[in-house]
Amino acid sequence: MKYDHKKIEKKWQKRWLQEKVFAASEKSKKPKFYQLETFPYPSAAGLHVGHPKGYIAEDIHARFMRMQGKEVLYTMGWDAFGLPTENYAIKVGKAPQEVAEENIKNFKRQVQMFGLSYDWDREINTASPDYYRWTQWLFIKLWEKGLAYRAKAKVNWCPKDQTVLANEQVIQKQIAKGKSQDTVGVCERCETPVEQREMEQWFLKITDYAERLLEDLNLVDPDANEEIRLAGAGWPAATIKRQEDWIGKSEGALINFKLKTLNFKQDLGEIEVFTTRPDTLFGATYLVLAPEHGLIAKCKSQIVNWEEVEKYIAQASHKTELMRMAGAQDPPSHKASEGQGKTGIELKGIRAINPATKEEIPIWIADYVLGSYGTGAIMAVPAHDERDKEFAEKFHLPIAVKTLISWDEALKISGGVKKIQYRLRDWSVSRQRYWGVPIPMIHCDACGINPVPEKDLPVELPRLKEYRPKGVPPLASSEKFIKVKCPKCGVTARRDSETLDTFVDSSWYYLRYTDPKNEKEPFDKAKAKHWLPVDLYVIGAEHTVLHLLYSRFITKFLQDEGYLSFSEPFLKLRHVGLIQGSDGQKMSKSRGNVVNPDDIVAEFGADAVRLYEMFMGPFEDGQPWDPRGVIGAERFLKRFVNFVLEGIEAKAKTTQKESLSFIHKTIKKVGDDIAAFKFNTAISALMILLNEIGVKPIAASNLEDIVKLIHPFAPHLGQELWSRLKHDTMLDFEPWPEYDAKLMYDETVQLVIQVNGKVRNIVIASKGISQGEAEKLALASEKVKSFISGKPKKIIFVPGRLINFVI
RNA sequence: GCCGCGGUGGCGGAAUGGCAGACGCGAUGGACUCAAAAUCCAUUGUCCGUAAGGGCGUGAGAGUUCGACUCUCUCCCGCGGCACCA
């Protein structure tokens with residue numbers, strides 16, 4: 001057989017699809033295994049060769065698990081809502097619906113060309129009303145429990161995309177500011193500097209789950225039942241760390257400071273601060289409030305420098321924009337130390353009393369204190385805190401000596417209480433754009449905000465001719481959409497005109513895969529219980545905070561509501577390392593280093609590309625694309641085909657044992673490596689096997705084993721060779737070969753002889769050679785003897801491996 | 001600044017306390033060919049040596065050990081994350 005990849009790949013892909021070979025059934029008696037991968041955002045650009053890397057790895061794993069006797073749920077879907085599609089649609093003058101449909105079609109074709117063993121009957125699309133009606137349902141459930149709420153808040157506004165961004169969607173970027181460097185928050189999609197705006201928004205109360213999201217990172221199975229592992233156990237340590245850092249738990253105390261005013265007529269009460277260092281209370285020499293702190297307005301009449309204070313507050317509220325403008329205009333003489341200094345102003349006319357020292361201390365406002373964290377007020381301890389010290393030195397505030405007391409004493413003196421704070425903020429989910437899930441709420445002047453009744457779901461996204469962003473939600477301009485009867489009182493009310501952040505869409509998709517066609521519920525409880533939690537999830541490292549945290553939150557919420565019976569959705573996580581362009585840079589259109597998989601697959605075949613991408617290096621690392629590398633993979637596959645076909649001709653002529661130990665070693669190595677996601681060394685082991693056995697005769701059963709070993713990596717080829725070996729079964733459901741540990745070892749070993757730790761000779765010895773025999777054998781060698789004079793001080797013997805003479 | 005990960009031939013990488021550079025790419029030489037491609041064979045860390053052989057070598061320096069790419073400490077460089085969270 002000539003290795004005609006086009007012919008065999010087409011042939012088997014067609015059969016796999018037509019016969020629904022990989023359909024997963026919950027009725028199967030086999031143990032389940034649920035594999036998930038980040039469902040793609042179908043962009044107009046299509047895939048580049050880097051995208052399928054994670055999919056290929058999952059497919060190898062899925063096929064391996066099937067051969068291990070597991071019923072594998074492994075499927076694909078489309079995260080189809082979102083800004084890039086909408087922006088692209090605007091650019092080309094089409095409806096987002098059409099663009100999304102075209103993109104999905106193209107993505108599906110490209111994905112299918114790699115021969116991935118998905119159950120296509122479970123395909124989902126977040127932009128389809130069948131799906132998003134349940135996203136809306138989920139939102140309403142959250143609202144019913146008080147976990148979705150509207151609040152006026154300072155939000156991140158992207159002026160280019162004309163929409164709000166979650167904190168997690170704002171990335172810090174360094175900008176040159178004269179000679180110095182400064183950072184600005186920019187939109188993660190278009191890199192436009194983000195502005196601060198005060199807006200009324202929908203939020204999801206993820207902070208209610210902060211403690212559980214943190215605690216459950218450490219979940220282990222109490223019964224040590226290997227079949228039921230819980231979250232954390234199978235996660236990379238760095239991912240757990242990043243989640244912990246993001247939640248940012250700190251333990252501290254709330255302490256009240258009495259207020260004192262120059263004018264004794266008014267009682268101003270107390271001011272509450274949050275501190276993680278109550279033990280430094282004696283060193284608190286001044287207080288600092290965030291500019292938005294409520295006390296400031298309350299004390300207006302007591303503050304003698306009100307005009308200045310007001311001016312400072314106004315400046316601080318526009319800080320993001322101002323900093324950006326200043327950055328562009330600053331003269332080059334601007335020094336980093338000056339530019340990055342803290343700003344602030346004293347509230348003259350009021351003072352606080354330090355409860356430990358009883359001294360009067362000044363009160364300042366400064367924008368280095370955040371209104372949204374703790375109480376928005378701090379006690380400044382310049383003797384112990386670098387930031388406070390910097391501020392104190394700049395404004396000539398007193399720095400007390402270092403005095404530490406116990407927490408208990410500090411709380412007793414001040415009447416403070418212990419308090420736990422989290423860095424995590426609530427999740428802003430409102431978007432003022434068109435291409436997303438309409439928020440299923442109705443605003444009525446009389447009854448307030450109420451959800452759309454469940455029977456009226458989905459609230460379909462209407463087709464709009466004009467959907468471009470103008471700062472107000474595009475849906476608001478559609479009278480037909482907006483006008484609705486209030487579900488409570490029946491009078492004319494208004495639909496919510498915002499759409500949901502697409503992270504809401506993807507926060508529950510892994511649940512829908514278990515029951516994708518259900519029209520009555522988001523999923524059937526029994527089916528979810530059968531398949532979930534997800535056993536293995538391959539995601540990009542960029543999702544370790546956002547998507548992962550949101551999904552965990554939603555899972556816990558649905559557990560609380562009785563829909564799910566577990567608290568953590570993903571047992572084992574693996575991150576895929578990005579393939580770079582041949583220039584070592586990230587693949588991008590603008591750099592012109594994008595490699596299109598269509599061309600590569602057409603030339604070398606899916607199997608060769610699969611093999612190469614897995615062979616490049618460690619899965620979680622990124623490597624540059626080497627156009628020659630695929631050729632190497634193709635060469636190996638050709639040699640493999642010849643090896644097997646020659647083997648078939650010579651078949652049954654031998655019961656050869658010569659190469660047996662090698663085959664058993666390789667069976668173990670390949671299996672262990674697939675399970676550990678070490679695909680590069682698994683492939684290397686197969687190459688070594690082929691090099692080693694070469695033209696030696698081999699028994700028919702061993703030949704079949706070798707075909708099974710390559711099958712997960714090159715399934716079209718594996719299946720084709722399997723059929724050439726006169727089998728009409730699907731190789732994916734044949735048992736993975738077993739290795740015999742007794743047969744893995746050779747009778748002889750290469751014994752390394754060292755003198756003072758340096759290798760001086762290597763001799764062949766029997767496996768079980770004793771130390772005495774080894775010494776004799778070693779000293780029989782002239783080479784070794786020439787390095788030894790007199791009696792060795794010490795002899796180290798590692799059985800079956802090494803003998804070292806210490807002189 | 002803080003946290004995390006990493007640094008091994010010309011390149012991707014292998015080896016997690018016991019032969020450094022597996023496997024692959026590239027390169028050099030050879031076979032086949034009218035020729036080229038493809039394929040096959042050999043060589044391929046570096047220095048000294050005709051050779052046998054030996055010295056050096058995993059970012060730098062120290063340490064632990066009979067023995068260190070591997071463990072410990074200090075430093076340098078690269079990548080990623082967080083960034084006034086009191």
Side-chain angles (χ1 to χ4, degrees), chain A residues 171-172 183 185 236-242 244-246 248-250 252-253 273-278 280 284 287-288 290 340 342 366-381 384-388 390-391 421-425 541-542 544-545 577-580 582 584 611-612 615-618 620-636 638-639 642 678 680-691 750-762 783 786-787 792-798 800-807:
Chain A
I171 51 173
Q172 296 300 315
T183 58
T239 303
I240 294 175
K241 182 88 185 9
R242 284 192 63 188
E244 284 171 350
D245 288 351
W246 196 262
K249 179 178 182 173
S250 30
V273 305
F274 173 70
T275 179
T276 54
R277 297 293 307 275
T280 64
L287 298 187
V288 189
Q340 305 219 322
K342 294 183 180 0
D367 63 7
Y368 83 93
V369 173
L370 306 174
S372 53
Y373 183 80
T375 61
I378 63 160
M379 60 177 218
V381 187
H384 287 275
D385 186 287
E386 271 307 308
R387 296 158 304 183
D388 295 342
E390 188 198 327
F391 192 81
Q421 280 289 333
Y422 300 91
R423 219 186 61 120
L424 184 70
R425 306 291 152 86
E542 71 275 19
T544 48
V545 177
L578 289 180
I579 294 179
Q580 303 133 13
S582 335
L611 200 77
Y612 170 58
F615 183 66
M616 290 173 89
E620 305 208 350
D621 293 353
Q623 295 89 17
W625 180 263
D626 176 5
R628 298 292 310 181
V630 199
I631 298 174
E634 192 198 26
R635 272 183 204 154
F636 169 69
K638 282 181 180 167
R639 283 198 296 133
N642 291 336
K678 288 157 80 175
N680 55 333
T681 48
I683 293 166
S684 157
L686 287 169
M687 289 171 169
I688 295 168
L689 179 74
L690 212 62
N691 293 344
Q750 294 198 321
L751 188 75
V752 174
I753 302 165
Q754 294 184 339
V755 178
N756 282 341
K758 290 200 179 214
V759 178
R760 294 305 177 187
N761 203 357
I762 296 164
K783 253 197 247 177
S786 67
F787 287 95
K793 270 190 223 154
K794 203 172 175 185
I795 298 170
I796 312 282
F797 179 64
V798 183
R801 258 200 171 155
L802 165 145
I803 185 160
N804 183 16
F805 295 89
V806 185
I807 306 298

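Below, read A as the first sequence line, B as the second, and so on, with proteins coming before strands; counting in each chain starts at 1.
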Let's test your reading of the model: under 3.5 Å, does the base of rC3(B) pair with the side chain of Lys241(A) as donor and acceptor?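 No, no donor-acceptor pair under 3.5 Å.
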
Report yes if some heavy atom in the side chain of [X] is under 4.5 Å from a heavy atom in the side chain of [Y]; otherwise report no.
X         : Y         : result
Tyr612(A) : Asp626(A) : yes
Ile796(A) : Gln754(A) : no
Pro624(A) : Met616(A) : no
Phe787(A) : Ile807(A) : no
Val806(A) : Asn756(A) : yes
Val381(A) : Thr275(A) : no

Using atom [atom1] in both nucleotides, what's the gap between [N] and [M] to the nearest angstrom?
N       : M       : atom1 : answer
rC79(B) : rC84(B) : P     : 23 Å
rC11(B) : rC34(B) : C1'   : 36 Å
rG63(B) : rA68(B) : P     : 12 Å
rA38(B) : rA31(B) : C1'   : 14 Å
rG24(B) : rG9(B)  : C1'   : 14 Å
rU72(B) : rG7(B)  : P     : 14 Å
rC2(B)  : rG13(B) : P     : 29 Å
rU8(B)  : rU58(B) : P     : 11 Å

Of the nucleotides rG54(B), rA86(B), rA83(B), which has the atom closest to the Phe787(A) side chain? rG54(B)

Whole-Å distance separating the [atom1] atom of [X] from the [atom2] atom of [N]:
X         : N       : atom1 : atom2 : value
Gln623(A) : rC11(B) : CD    : P     : 15 Å
Phe391(A) : rC84(B) : CZ    : P     : 16 Å
Tyr373(A) : rA83(B) : OH    : P     : 13 Å
Asp621(A) : rG78(B) : CG    : C1'   : 14 Å
Asp388(A) : rC84(B) : CG    : C1'   : 10 Å
Trp246(A) : rG4(B)  : CH2   : P     : 18 Å
Asn642(A) : rU39(B) : CG    : C1'   : 10 Å
Ile579(A) : rG13(B) : CD1   : P     : 12 Å

Does Ala377(A) or Arg760(A) map to a spot on RNA chain B nearer the 5' end, using the closest nucleotide for each? Arg760(A)

Go nucleotide by nucleotide along RNA chain B from the 5' end; which of Lys783(A) and Gly371(A) gets its closest nucleotide reached first? Lys783(A)

Not counting sequence neighbours, which residues clear ring-ring contact (aromatic ring centres under 6.0 Å, His included) with Phe274(A)? List them please.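 Checked Phe274(A) against ring-ring contact (aromatic ring centres under 6.0 Å, His included); zero matches.
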
Base contacts versus sugar-phosphate-only contacts with protein, heavy atoms under 4.0 Å: please encode nucleotides 15-31 of chain B as B, S and - from 5' to 3'. ---BB--BBSSS-----

For the backbone of [Y] and the side chain of [X], can you confirm whether one donor and one acceptor N or O come within less than 3.5 Å of each other?
X         : Y         : answer
Asp385(A) : Ala380(A) : no
Asp621(A) : Gly577(A) : no
Tyr368(A) : Val288(A) : no

Please check if atom CZ in Arg639(A) has more than 12 non-hydrogen atoms from other residues, nucleotides or ligands closer than 6.0 Å. yes

Report the glycosidic orientation of rG4(B): syn if within 90° of 0, anti in every other case.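 It is anti.
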
NA contact type, [X], heavy-atom cut-off 4.0 Å: base, sugar-phosphate, or nothing?
X         : answer
Thr544(A) : nothing
Val369(A) : base
Lys638(A) : nothing

Counting only Watson-Crick and G-U wobble pairs with both atom distances below 3.5 Å, the stems of 3 or more consecutive pairs that include RNA chain B are B:1-7 with B:76-82, B:10-12 with B:23-25, B:26-31 with B:39-44, B:45-48 with B:53-56, B:59-63 with B:71-75

